[in-house]
Amino acid sequence: MLHTKIIDLSKEKIKPENAEEFIASSKFGASIVFYGTVRENNENKKVNGITYDSHDQLVIKSFEEIYNEADKKLNIKDKSVFIEHVKGYVGLGEISIIIAVACPHRSEAYDLSRYIIEEIKKRSPIWKKEHYENKESEWLKGNPIQTN
Amino acid sequence: MKIQLELFGASKDFSKNDVLEFNFNEKSSIKDLRKQIINYIDKNLEGNKNFKKIVETSAFCSEDNNIISDNYKITKDQKISIIPPIGGG
């Protein structure tokens, strides 16, 4: 079971309670909710906030691919996964991504949660523009996407 | 042929708009589009080296949301997205 969404912060807020509600089931004995949040320092620069941009359709496609791959690569068939990422301006300490997973056992839940965030970092077309205390801002460099 | 190039991430600094338009006289490829964007940067953005590097390291995405190679043929008017190096999450 999979839920994915890009939350446009100009229209709505990201809600942690939606993640908990989605993965709740007595079928599963282990649940993990991961929050990515904006931290105040990056490479010795004082950060005030981050603007996220995303290619929504490609991002959703990448989330679905990552979910489906988990079947083969991690051999985790029975699972519930909730992934939401924001676009727009995010202030310090606020949430940019929620990954909630539920599996029958804890080792699967830890593996799956870690696998999803690492793959998103590598493959999902999401960009960050950091805003600094001195009023400057810059897009973070990132890694080229694989074209096969 | 008219190509509408949708800008994402760092490429949004190429223009005040989210889309750039390029015209092609004949069948072209993504490789040609990449050259046209570099020409645009030379003409309109004082040949900004950082912007050119973004173009050189970017991927491109078709209207049907597939990552396309430099050999992909552009045969009709369409929207194409530039996908600069990624770093989200």
Side-chain angles (χ1 to χ4, degrees), chain A residues 6-7 34-39 42-43 50-66 83-88 90 95-99 113-130 136-148, chain B residues 3-20 28-35 37-38 41 45-46 48-74 78-89:
Chain A
I6 300 296
I7 303 286
F34 170 86
Y35 300 108
T37 55
V38 173
R39 69 174 184 274
N42 190 28
E43 296 182 349
I50 295 177
T51 298
Y52 287 86
D53 187 25
S54 78
H55 189 298
D56 296 2
Q57 297 92 338
L58 266 189
V59 169
I60 295 297
K61 190 176 169 186
S62 72
F63 289 172
E64 290 168 354
E65 286 170 357
I66 291 165
I83 311 172
E84 288 190 352
H85 202 296
V86 302
K87 64 190 285 186
V90 184
I95 297 169
S96 59
I97 184 169
I98 300 175
I99 299 169
S113 177
R114 183 68 190 257
Y115 178 77
I116 291 169
I117 186 61
E118 297 302 335
E119 291 301 311
I120 287 172
K121 287 274 188 188
K122 281 189 264 181
R123 295 158 52 173
S124 300
I126 296 166
W127 299 272
K128 294 196 251 193
K129 188 176 200 177
E130 282 188 340
E136 289 180 359
S137 59
E138 70 176 359
W139 291 100
L140 298 188
K141 288 195 169 53
N143 298 305
I145 204 163
Q146 297 298 315
T147 54
N148 296 324
Chain B
I3 298 300
Q4 290 195 307
L5 182 72
E6 288 190 289
L7 304 175
F8 289 93
S11 69
K12 284 199 162 161
D13 291 343
F14 295 179
S15 170
K16 287 176 184 169
N17 304 315
D18 287 343
V19 175
L20 288 175
S28 301
S29 66
I30 291 298
K31 198 173 175 181
D32 300 314
L33 175 61
R34 210 186 282 272
K35 282 181 194 163
I37 305 168
I38 297 280
I41 291 169
L45 300 165
E46 299 174 342
N48 185 306
K49 284 182 182 171
N50 290 333
F51 290 169
K52 286 186 183 180
K53 193 172 178 186
I54 290 166
V55 177
E56 287 158 4
T57 54
S58 287
F60 290 85
C61 174
S62 63
E63 250 173 6
D64 54 357
N65 300 316
N66 287 309
I67 297 295
I68 47 184
S69 75
D70 267 25
N71 295 325
Y72 177 89
K73 299 291 179 202
I74 302 165
Q78 61 186 288
K79 270 188 189 170
I80 288 178
S81 306
I82 183 168
I83 308 292
I86 58 173

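Heavy atoms only: backbone and side chains are in, while hydrogens, waters and symmetry mates are out.
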Heavy-atom proximity to chain A below 4.5 Å, by part of K12(B): side chain

Side chain to side chain contact (heavy atoms under 4.5 Å, CB included) against N50(B), all qualifying residues, sequence neighbours excluded: N48(B)

Donor-acceptor side-chain pairing of K61(A) and N66(B) below 3.5 angstrom: yes

Segment of S54(A) engaging chain B (4.5 angstrom heavy-atom cut-off): backbone

Donor-acceptor pair, side chain of S124(A) and main chain of I126(A), under 3.5 angstrom: no

Segment of K141(A) engaging chain B (4.5 angstrom heavy-atom cut-off): backbone

Sequence neighbours excluded, every pair satisfying salt bridge (charged side-chain N to carboxylate O under 4.0 Å, His left out) that has a member inside residues 61-70 of chain B: R34(B)-D70(B)

Most contacts with chain B, counted as non-hydrogen pairs under 4.5 angstrom, among Q57(A), R123(A), H55(A): H55(A)

